[in-house]
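All chains are named by letter (A, B, ...) in the order of the sequence lines, taking the proteins before the strands, and each is independently numbered beginning at 1. What you see is a predicted model; the values in this text were computed from it and never measured.
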Amino acid sequence: MQAYDPKKIEEKWNKKWLADKVFKVADRSAKPKYYQLETFPYPSAAGLHMGHPKGYTAEDIHARYMRMRGYEVLYTMGWDAFGLPTENYAIKVGRDPHEVARENTDNFRRQVQMFGFSYDWDREIDTSSPEYYKWTQWLFIRLYKRGLAYRKGAKVNWCPKDQTVLANEQVVDGTCERCGTEIEERTMEQWFLKITDYADRLLADLKGLDWPAATIKRQEDWIGKSEGALLKFPLSNIQIPNNDRSSIEVFTTRPDTLFGATYLVLAPEHALIDELKGGIANWNEVAAYREAASHKTDRMRQEDAKDKTGVELKGVMAINPATKEEIPIWVADYVLGSYGTGAIMAVPAHDERDFEFAKKFGLPIRKVVVPKPIIPGVPNVSAAMGGAAPELRAEEDLWEDVGDLINSGDFTGMDSDQAKAEITASVGGILKTQYKIRDWSVSRQRYWGVPIPMVHCPKCGIVPVPESDLPVVLPPLENYRPQGMPPLASSPAFINVKCPQCGGGAKRDAETLDTFVDSSWYFLRYPDPHNAAEIFDKKKVAHWMPVDLYVIGAEHTVMHLLYSRFITKFLHDEGYLSFTEPFTKLRHIGLIMGADGAKMSKSKGNVVNPDEIVAEFSADAMRMYLMFLGPFDDATPWDARGILGVERFLKRFWKYYAGTIERMKQPAVSGGAGGAAAPEKPSAKAALHRAIKKVGEDIEAFKFNTAVSALMILLNEMEAAAPLAEDDLVSLVKILHPFAPHAAQELWSLMGNNTYLDFEPWPAHDPALIAEIKISLAFQVNGRTRDTVSVDASIGEDAVKELALANEKVNVALAAAGLAPGAAPKRIIYVDKKLVNIVV
RNA sequence: GCCCGGGUGGCGGAACGGUUUACGCAGAGGACUUAAAAUCCUUGACCCGCAAGGGUUUGUGGGUUCGAAUCCCACCCCGGGCACCA
């Protein structure tokens, strides 16, 4: 018998799979297509972390399974190679980011290949290669030509010492992560993509996707559609010079509560405050508050949520258009300038934030909505108190829901939903739909990214680079360190260019694109990865897309998906795609935590290196263990000893399998037909068929942990049973194959096969074999199990009840429960093939 | 603060209205070995009991049900996410 030597066989098959291009995908095939996508990694200097092989193993299992089920599976790998960490690292070690990135990518490729993932390597892509980013640039120009890329001022984090813009993640407690200097906010002209134009479609098209519900909800929340009204509050005692708008406009989702609006609040950055300066009696106090607020980021303003601050604009008042009462105007940083109109009407009785603010500053609270009656006509007072208190208390409770109006003039008694429209109309307001989503900022003042293919001409303004001149290649630089301007601006050879329109002197855009742009369309490139003439061939993409299965980390549930969906819809509108949603089915991968249960991180010292695990055990063992650890989408801790279990399983499986083949090859010995018979033991054929069914179902449902366990149960049963026949052995190695493809393929070839298991059909299970002959029934008294018996599966209800009533333990329990001998129980509940419950 | 997950043996987990703890790890006992590793067999929630057996147990407290880890309500704890979005 050949010994199990995983090192040798894994190396052998990894080489063969690559050399023979076994997993090369055909664009034209008689088989149905299946497109499986996994997040292409960002190749960091640290190499793969445990999350990569976990997600990739799951997808590889699924891909191999789908191939065996007869699909032509598009399954690929690529590199999201542009990005900040590589640039930072290159600067630190004084090298060219191109070189650093190449080394990292080579290392990632080596690691990924060690696991034997069945990619079509001829379709490998790299976002940092000019062949790829030419089309990222092309896409950007397309967006620009359609008016979906535009420039506007936006705030950036600026480090005055390093003379550079910092990403949010480089800002630690308001200081630069590199030098600790306090950051400043600067406003710069930057490129934006108009994703807001697609807000409604991005929301509506979520319906019908096979995505986790929580992910759909996060997309919805991010888009943040709210229907409300724009209402104007006239200023009562001041006219703004040179401004005919002598009113403050607010956006509210609750115009039905207008009668309860007892003050207004402006965001500190609201432009109207400057215009009102002459009328504000406490200007110095207001100015100081605004100054303080300007040093806070939106994020910091959120974190201070509990302790609301604000200043009244003394001397100016507004008029509630419904009640005609004068109400005060405040400035407070819990109102954001970037949402709605930057001003709100405060209704403290019906909004928690307004409620807290009003209590803190002693502002009036007026209740204008009460919960709808549960019984029509009878006021529901207790629901407002969470169902607890018998009557409605005065000011100190809050009702944020809709209901029926009170204290609202002519609208009293009206339903909230009806009142929304009617009150809005009565004060001359307009109904409006507001979105939370903002346009996508794509300018980055960094080097290691896609150069923005635009030219700034003093005569013609902004001119896109002609398509024939693409790509605009990222040039090597003398110095990658930032020096007060984007790194590319330091290269005269790059920056100075002739205007494509007038031929005069002009300058290139010195900034690069957000790397999310690179990854927002990569899945469209795999179907046609080397096309030099087009972003992709429409027919090829029409064949493969949309993606049938996408596995991503939960951290990508908002932005990457939203951007990819946006770009897909855009290219659809441009006539390049026939569909509008890129990812039909989505599944998430849970983190692998450190052995201590915390997230793996260098600083905690709990990082496990996949290279070491493969070296110590094997790729197959690691694959199986990653799947066995727990539910795929749960975060599970890595237990270094647990892998011994699957390692033992693989060794035992090998021993069983190779041993059985060996015995089959030997000539029949006297006494037993075929030489391997042990006639007194039943065969494990039924167990095998159960496993075939279970493993297939579990792969489809992404329940890899129980699939592995099903294989283990099968092996336990096989070892105790008579050896399997040859055709059953074939099925057996096939169901192992997706999980441990190296071992399975080697066993397959040991049987004398020279085909690849991936293209062998997945075995069918025989339902007749799986049917249970004997079943275990529970006898319960008052819901407590008193005995279990083994009976024929075909037994009928009456026979079972009779058995139960005759059962000695049952009778003891019945007597203990107070049932007189011979008396009939209250009820007998029978659940087919499960139990009998006798209720006394 | 809000939103989304989740609390089951010593540990990872299984079951997701019907016999709790499948499978694996760790532990205990044994076989083989000069010995160790490897391998194999037995055992395996907790409490009482020599045993047979009985009782308790799925974060806590209630509820629905013949029956609840599973459904409902409240609370506690852990993980992740966040937008004070009017």
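The P atoms of B:C77 and B:U60 are separated by 15 Å, rounded to the nearest whole Å. One C1' atom belongs to B:G12, the other to B:U56, and the distance between them is 25 Å to the nearest Å. Nucleotides B:C16 and B:U8 have their C1' atoms positioned 12 Å apart, rounded to a whole Å. Here, B:G80 and B:G29 have their P atoms 40 Å apart, quoted to the whole Å. Rounded to whole Å, the C1' atom of B:C23 lies 35 Å from the corresponding atom of B:C73. Using atom C1' as the reference point in both B:A36 and B:U70, the two lie 48 Å apart (nearest Å). If you take atom C1' in B:C71 and the same atom in B:G18, they sit 14 Å apart, rounded to whole Å. Comparing the P positions of B:G13 and B:U64 gives a spacing of 33 Å, expressed to the nearest Å.
Formation of a donor-acceptor pair under 3.5 Å by the A:Asp439 side chain with backbone atoms of A:Ile195 is found in this model.
Regarding contacts with the backbone of B:A15, a side-chain N or O of A:Lys703 is found under 4.0 angstrom from either OP1 or OP2. Within the structure, a side-chain polar atom (N or O) of A:Asn716 is placed less than 4.0 Å from OP1 or OP2 of B:G24. Contact check, A:Thr706 against B:A22: no side-chain N or O comes under 4.0 Å of OP1 or OP2. Contact annotation: A:Arg827 side-chain N/O to B:C66 OP1/OP2 distance is under 4.0 Å.
Note on A:Thr252: only backbone sugar-phosphate atoms sit closer than 4.0 angstrom, heavy atoms only; bases stay farther off. Heavy atoms of A:Ile829 sit under 4.0 angstrom from at least one base atom. Residue contacts shown for A:Asn837 include a base, since a base heavy atom lies under 4.0 Å away. Looking at heavy-atom distances under 4.0 Å, A:Thr788 makes contact with a base.
Taking the side chain of A:Lys217 as heavy atoms from C-beta on, and the options B:C3, B:G12, B:C25, the nearest nucleotide is B:C3. Ranking B:A86, B:C3, B:A22 by closeness to the A:Ser226 side chain, first place goes to B:A86. Which of B:U39, B:G12, B:G81 sits closest to the side chain of A:Leu629 comes down to B:G12. The listed nucleotides are B:G18, B:U39, B:G13; the one nearest the side chain of A:Leu835 is B:G18. When each of B:G18, B:U39, B:G12 is scored by its nearest atom to the side-chain atoms of A:Arg648, the top-ranked nucleotide is B:U39. In this structure, of B:G24, B:G13, B:G12, it is B:G13 that holds the atom nearest to the side chain of A:Asn705. Closest to the side chain of A:Lys655, from the set B:C85, B:G12, B:U39, is B:U39. If you check B:U20, B:A86, B:C66 against the side chain of A:Phe251, the one that comes closest is B:A86. In the set B:C23, B:G13, B:U19, the nucleotide with an atom closest to the side chain of A:Thr785 is B:U19. Checked against B:G13, B:U19, B:A38, the side chain of A:Gln780 finds its nearest nucleotide in B:U19.
Taking atom CZ of residue A:Arg254 and atom P of nucleotide B:A86, one finds them 11 Å apart after rounding to whole Å. If you take CG of A:Leu715 and P of B:C23, they are 12 Å apart, rounded to a whole angstrom. A:Ile592 has its CD1 atom 11 Å from the C1' atom of B:G12, to the nearest Å. One atom, CG of A:Asp354, and another, P of B:C85, lie 10 Å apart when rounded to the nearest Å. Between A:Ile713 atom CD1 and B:U21 atom P there is a gap of 13 Å when expressed in whole angstrom units. Put simply, CD on A:Glu227 is 18 Å from P on B:C85, counting in whole angstrom units. The distance from atom CE of A:Met50 to atom P of B:G12 is 17 Å, rounded to the nearest whole Å. Here B:C23 presents its P atom at 11 Å from CE of A:Met712, a figure rounded to the nearest Å.
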Hey, mind stepping through A:Arg290 and A:Glu269 against salt bridge (charged side-chain N to carboxylate O under 4.0 Å, His left out) and telling me if it holds? CA-CA 7 Å; A:Arg290 297 176 82 196; A:Glu269 56 269 48; over 6 Å; no

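Both distances falling under 3.5 Å, in either a Watson-Crick or a G-U wobble arrangement, occur for no nucleotide opposite B:U21. With a cut-off of 3.5 Å on both pairing distances, the Watson-Crick or G-U wobble partner of B:G1 is B:C82. Pair assignment for B:U58 gives none, since no Watson-Crick or G-U wobble pairing has each distance under 3.5 Å.
Identified under the salt bridge (Lys or Arg N to Asp or Glu O under 4.0 Å) test for residues 692-709 of chain A, with sequence neighbours left out: A:Arg69-A:Glu700, A:Lys693-A:Glu697, A:Lys694-A:Asp698.
Between A:Ile643 and A:Gly224, the residue whose closest nucleotide on RNA chain B is further toward the 5' end is A:Ile643. Position along RNA chain B of the nearest nucleotide to A:Thr636 versus A:Val708 favours A:Thr636 as the more 5'-ward residue.
A parallel orientation is assigned to the rings of A:Phe653 and A:Tyr657, their planes being inclined by less than 30° (bins at 30° and 60°). A:Phe361 and A:Trp330 have tilted rings, their planes meeting at an angle from 30° to 60° on a 0 to 90° scale.
Because its glycosidic torsion is more than 90° from 0, B:G63 is reported here as anti.
A side-chain donor from one of A:Thr309 and A:Tyr289 sits under 3.5 Å from a side-chain acceptor of the other. The closest side-chain donor-acceptor pair between A:Asp832 and A:Tyr830 falls under 3.5 angstrom.
Taking a cutoff of 4.0 Å between a charged side-chain nitrogen and a carboxylate oxygen, A:Lys774 and A:Asp792 qualify as a salt bridge.
Between A:Asn320 and A:Thr262 there is no side-chain heavy-atom pair separated by less than 4.5 Å.
Residues A:Phe355 and A:Phe357 place their aromatic rings such that the two centres sit no closer than 6.0 Å.
Cation-pi geometry between A:Lys809 and A:Phe779 is not met: the NZ or CZ atom fails to fall both under 6.0 Å from the ring centre and inside 45° of the normal.
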Heavy atoms under 4.0 Å is the rule here; annotate nucleotides 52-59 of chain B 5' to 3' with B where the base is hit, S where only the sugar-phosphate is, and - elsewhere. -S-SS---

